[in-house]
Student: 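Next up is a structure, given as structure tokens.
All values reported here derive from a predicted model rather than from experimental measurement. Keep in mind that the numbers below use all heavy atoms, side chains included, and drop hydrogens, waters and symmetry copies.
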Amino acid sequence: DQQVKQNSPSLSVQEGRISILNCDYTNSMFDYFLWYKKYPAEGPTFLISISSIKDKNEDGRFTVFLNKSAKHLSLHIVPSQPGDSAVYFCAARSGGSNYKLTFGKGTLLTVNP
Amino acid sequence: GAVVSQHPSWVICKSGTSVKIECRSLDFQATTMFWYRQFPKQSLMLMATSNEGSKATYEQGVEKDKFLINHASLTLSTLTVTSAHPEDSSFYICSAKAGANVLTFGAGSRLTVL
């Protein structure tokens with residue numbers, strides 16, 4: 001049973017436009033959510049995160065929105081740049097000192113010049 | 001920022017041999033490291049939690065005798081794939097907690113078993 005779902009395997013947007021990546025989760029015990037960016041043959045790099053007590057977190061061009069009632073979060077990238085092209089993983093952590101992360105399958109974002 | 005280094009980044013081995021992958025925290029100490037495995041177009045699946053000075057904690061379905069984990073120091077964890085078979089071919093990634101709430105990942109190790 002997949003607890004973190006990224007239903008869109010790929011997304012293609014034009015440079016300068018907004019990219020919206022979506023993530024759904026089923027485990028109500030998750031209290032912290034993260035987005036990681038991954039290039040081929042490299043490890044994931046941390047992008048942005050949000051605690052379950054918040055509904056929005058912004059960092060430059062990146063904003064993450066959390067809708068707890070819908071168990072849904074999204075990553076907005078504005079404006080999108082060709083260098084943003086990568087696989088984006090949504091990850092979730094359950095409460096406590098346990099830092100185990102549960103990942104979604106990822107969404108391949110392609111930003112076209 | 002915190003850096004996690006993995007070695008080797010690529011390894012090809014014959015079926016039946018053992019392969020060791022190292023994971024080092026370069027500028028911080030990590031009492032806990034995590035080993036993930038990723039198959040093509042799949043998510044990162046947690047294999048085990050490596051604890052410094054004690055036994056690793058394995059996720060359900062992961063064979064502890066096949067994937068040996070040693071965390072002998074605060075900066076080094078090793079994963080040994082014993083008696084490797086072609087189905088063990090995968091991308092193995094380690095991570096460590098470098099700050100509050102965030103894991104830092106290594107670059108990963110691509111294992112190909114012939």
Student: With a 4.5 angstrom heavy-atom cut-off, could you sort out which part of B:Gln6 is near chain A: side chain, backbone, both or neither?
Tutor: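 Contact with chain A is absent: no heavy atom of B:Gln6 under 4.5 Å.
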Student: Within a 6.0 Å radius of atom NE2 on B:His7, are there more than 12 heavy atoms belonging to other residues, nucleotides or ligands?
Tutor: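 Open: at most 12 neighbouring heavy atoms sit under 6.0 Å from NE2 of B:His7.
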Student: Is it true that atom NZ of B:Lys66 has more than 12 heavy atoms of other residues, nucleotides or ligands lying nearer than 6.0 Å?
Tutor: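 It does: B:Lys66 NZ has more than 12 such atoms within range.
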Student: Where do A:Glu42 and B:Phe91 come nearest, in terms of heavy atoms and distance?
Tutor: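 So the two residues come closest at O-CE2, 3.7 Å.
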Student: Side-chain contact, heavy-atom cut-off 4.5 Å: B:Ile93 with A:Lys38?
Tutor: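 They are in contact (side-chain heavy atoms under 4.5 Å apart), so the answer is yes.
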Student: Which value, rounded to the nearest 0.5 Å, describes the distance between B:Met45 atom CE and A:Thr102 atom OG1?
Tutor: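 Taking CE in B:Met45 and OG1 in A:Thr102, the distance rounds to 8.0 Å.
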Student: Which value, rounded to the nearest 0.5 Å, describes the distance between A:Phe103 atom CZ and B:Gln38 atom CD?
Tutor: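 Those atoms lie 9.5 Å apart.
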Student: To check you understand the geometry: which heavy-atom pair defines the closest contact between A:Gly104 and B:Ser43, and what is its length?
Tutor: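 The pair with the smallest heavy-atom distance is O-CB, 2.7 Å.
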Student: Against A:Lys100, only a single residue in B:Thr32, B:Thr57, B:Thr49 fulfils side chain to side chain contact (heavy atoms under 4.5 Å, CB included); can you say which?
Tutor: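 Option passing the side chain to side chain contact (heavy atoms under 4.5 Å, CB included) with A:Lys100: B:Thr49.
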Student: Using non-hydrogen atoms only, which part of B:Leu44 is less than 4.5 Å away from chain A: side chain, backbone, both, or neither?
Tutor: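 Both backbone and side chain of B:Leu44 come within 4.5 Å of chain A.
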Student: What about B:Leu79 and B:Leu46, same hydrophobic cluster or not, with Ile/Leu/Val/Met/Phe/Trp/Tyr joined at side-chain heavy-atom distances under 4.5 Å?
Tutor: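 No.
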Student: Assigning hydrophobic clusters by single linkage (Ile, Leu, Val, Met, Phe, Trp, Tyr; side-chain heavy-atom cutoff under 4.5 Å), is A:Ile20 placed with A:Phe62?
Tutor: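 Not linked; separate clusters.
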Student: Do B:Leu111 and B:Phe34 share a hydrophobic cluster (ILVMFWY, side-chain heavy atoms under 4.5 Å, transitive)?
Tutor: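 Each belongs to a different hydrophobic cluster.
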Student: Do B:Phe67 and B:Phe105 share a hydrophobic cluster (ILVMFWY, side-chain heavy atoms under 4.5 Å, transitive)?
Tutor: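 No, it is not one cluster - the side chains of B:Phe67 and B:Phe105 are not joined through contacts under 4.5 Å.
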Student: B:Val81 and B:Val62: same hydrophobic cluster, using ILVMFWY side-chain contacts below 4.5 Å?
Tutor: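 In one cluster with B:Val81: B:Val62, yes.
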Student: Under 3.5 Å, side chain of A:Tyr36 to main-chain N/O of B:Leu103, donor-acceptor pair present?
Tutor: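 Yes, because the side chain of A:Tyr36 sits within donor-acceptor range (under 3.5 Å) of the backbone of B:Leu103.
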Student: Are the ring centres of A:Phe89 and B:Tyr36 closer than 6.0 Å?
Tutor: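 Aromatic pair excluded; centres sit 6.0 Å or further apart.
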